[in-house]
Amino acid sequence: MNSLEEPLIGGSRRGAETDTETGNEFDAEIGSEYGDTVSASAFAPPGKLSDESPGLFIWLLTFSAGISGLLFGYDTGVISATLVSIGTSLSGRPLTSLDKSIITSCTSLFALFASPCASVLADTLGRKRVILAADCLFIVGAIVQALSSTVSGMVVGRSVVGAAVGAASFVVPLYIAELAPAAYRGRLVTMNIVFITLGQVIAYVVGWAFGAYASDATGWRWMVGLGAVPAAAQTVILLFMPETPRWLVKAGRPAAARAVIERVAGNATGGSSRLVDATLKSIETEVREEVEARRLSTRHTNRRFAWLDSLHELFRVRRNRRALTIACLLQGLQQLCGFNSLMYFSATIFTLVGFPMPTLTSLVVAVTNFIFTLIALSLIDRVGRRRILLWSIPFMIIGLLLAGYGFSFVSLSADSAFSSSSSATGSAPVPAPARSAAVVILVSIMMYVAGYAIGLGNVPWMQSELFALGVRSLGSGIATATNWGANFVIGLTFLLLMDVLTPSWTFVLYAAICAVGYGLIWRVYPETTGLSLEDAASLLEDDNWGVQ
């Protein structure tokens, strides 16, 4: 029996039987059609990987798409150093807490609006074109920020970047997932998260360098303006990249879809060429089934309103409702746990606790996030999505509680430490806490970030594997909008909560949210590791939501 590559683009395993010699499942229909040319190991069960690895072309695709993740991470991370470096450059006065909250949260607000709109465009125009449109917005937003002279101008620039981040954060994981081999989909989607965390590391390094060595009046402008460079590079690279085969089949272009699948296969043998045929047949079958189902239940014959039929199907079909519930739960929890408050305000936090170089200290947070995301890259397809969440969230809870304990030794002045403008190298506006308390806070935040990076930081972006093809784009867009809605709430309320509840109780509140999320994940989130996109979506037909 010849050993072949993993089924590309998540080939279907419906009608699976069990190989009595290996114990592995394989597709009976494909096996009977192609005889012994398809190995049972080609359809590896959840948690087991074949000896094959993704080809060079799929890694190049992931890299080119992942530049959007780099931009995502850079633009969310650079604002931390920017806020403590602006001084009086905007509107001729120091930034207030309200100024900082609006500048930060407007990015999330416009990402919230852009995500569902991008989902409709991704179905109409294609995944690749939406990524290109996001790049144009990244460039425009970076230039507007760099040229801003008022708070309102900065808000406009951050809003444009927010629209770009919202579109890219939805469509890039979808683009990668629809191209990835089933057994490596988690690893390749996690690569996008690696790019996000790398972008945050670069943002902190750039923020520290310009804050320490550049002019106070122009350093922060270079910080935000450099975001245009990778966006321009990605625009050029993507011109040579293909559209996803699933969208091509839906658009009535099966020959182009086959060509993409063959390119993803790399050096295809005769057997893997047959497997490409089977993969294409599986996608075509699913598309035909969904087109027929939609034809029987359609309410709108005008293609301009076809997305309304997808919305109706998303809420009418039980497994689609459940997929949306799980995806929104994970995306909402990813933000409500408070992680991005560290990305947005880490320099402000470390100024409060007395570190002399808060922007440089913030780099510890970004580097921890990056390192443990790399660890998640090697674990996500071996340990499994569900299990890695249930293992990592308790560490987040412990880290948050320890941070709350450390902050109990920090005394705030009557004039909130967060409402004053401080420089990247200036002293905190309140007396520095004991060194031991500062160390406890730093270590606990590192523990929290490590737990987040391994699990909750990347698993929610596997959301596309929960949805059937007909509602995958729209469902992923709504779930991503949930992420940005929660992000907006965190960005707008974090400083206020720190003032009203005190830092200790703010972190305790985030720990409580994590505990509730843990219970919900344990109850409703099934394991999807190693399954094709079609089989993963079908798990939610079970009365127990596919949870074993």
Side-chain angles (χ1 to χ4, degrees), residues 79-80 83-84 94-105 108 332-356 358-359 361-362 364-365 368 393-423 426-449 451-452 456 486-518:
I79 195 63
S80 175
L83 290 177
V84 297
L95 296 179
T96 65
S97 280
L98 182 60
D99 291 332
K100 293 180 180 180
S101 296
I102 293 175
I103 289 173
T104 303
S105 60
S108 305
L333 182 61
Q334 186 188 73
Q335 297 302 323
L336 294 177
C337 70
F339 174 78
N340 270 336
S341 63
L342 297 180
M343 290 296 101
Y344 297 147
F345 303 112
S346 58
T348 308
I349 291 172
F350 291 130
T351 297
L352 171 68
V353 299
F355 286 99
T359 301
T361 307
S362 298
V364 174
V365 176
T368 301
I393 291 179
F395 287 96
M396 294 174 59
I397 296 173
I398 294 172
L400 287 168
L401 293 177
L402 284 177
Y405 172 75
F407 270 112
S408 67
F409 294 97
V410 178
S411 300
L412 296 178
S413 63
D415 182 18
S416 170
F418 293 102
S419 62
S420 301
S421 178
S422 58
S423 65
S427 60
V430 294
R435 180 176 297 272
S436 59
V439 171
V440 167
I441 292 171
L442 180 59
V443 172
S444 62
I445 288 177
M446 290 174 63
M447 178 188 297
Y448 165 76
V449 170
Y452 176 91
L456 202 55
N487 194 316
F488 172 71
V489 171
I490 289 295
L492 190 63
T493 62
F494 176 72
L495 295 182
L496 299 176
L497 287 174
M498 294 285 275
D499 284 342
V500 175
L501 294 182
T502 72
S504 292
W505 285 106
T506 298
F507 281 87
V508 169
L509 174 62
Y510 292 150
I513 292 173
C514 288
V516 172
Y518 181 92

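Just the heavy atoms: all of them, side chains too, but no hydrogens, waters or symmetry mates, feed the values below.
- Y510 and C337 make their closest contact through CB-O, 3.4 Å (heavy atoms, listed as atom of the first residue, atom of the second, distance).
- Expressed to the nearest 0.5 Å, how far CD1 of I513 lies from CG of L400 amounts to 9.5 Å.
- Under a 3.5 Å cut-off, the side chain of T493 and the backbone N or O of L496 do not form any donor-acceptor pair.
- Note: I398 CD1 to I393 CD1 = 12.5 Å, rounded to the nearest 0.5 Å.
- Remark: the backbone N or O of I441 is paired with a side-chain donor or acceptor of S444 at under 3.5 angstrom.
- The two residues L401 and V508 make their nearest non-hydrogen contact at CD2-CG2, 4.3 Å.
- Taken from OH in Y448 to CD1 in I397, the straight-line distance is 10.5 Å, to the nearest 0.5 Å.
- The nearest pair of heavy atoms linking V364 to M446 is CG1-SD, 3.5 Å.
- G451 and M396 make their closest contact through C-CG, 3.7 Å (heavy atoms, listed as atom of the first residue, atom of the second, distance).
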Stepwise side chain to side chain contact (heavy atoms under 4.5 Å, CB included) check, W505 with F407: CA-CA 9 Å; W505 285 106; F407 270 112; over 6 Å; no
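- Nearest heavy atom pair, residue Q335 against residue I490, reads O-CG1, 3.2 Å.
- Note that CZ of F507 and OG1 of T502 are 10.5 Å apart. Values are rounded to the nearest 0.5 Å.
- Between L402 and V440, the closest heavy-atom pair is O-CG1, 3.8 Å.
- Atom CD1 of I102 is separated from atom OG1 of T96 by 7.5 Å, given to the nearest 0.5 angstrom.
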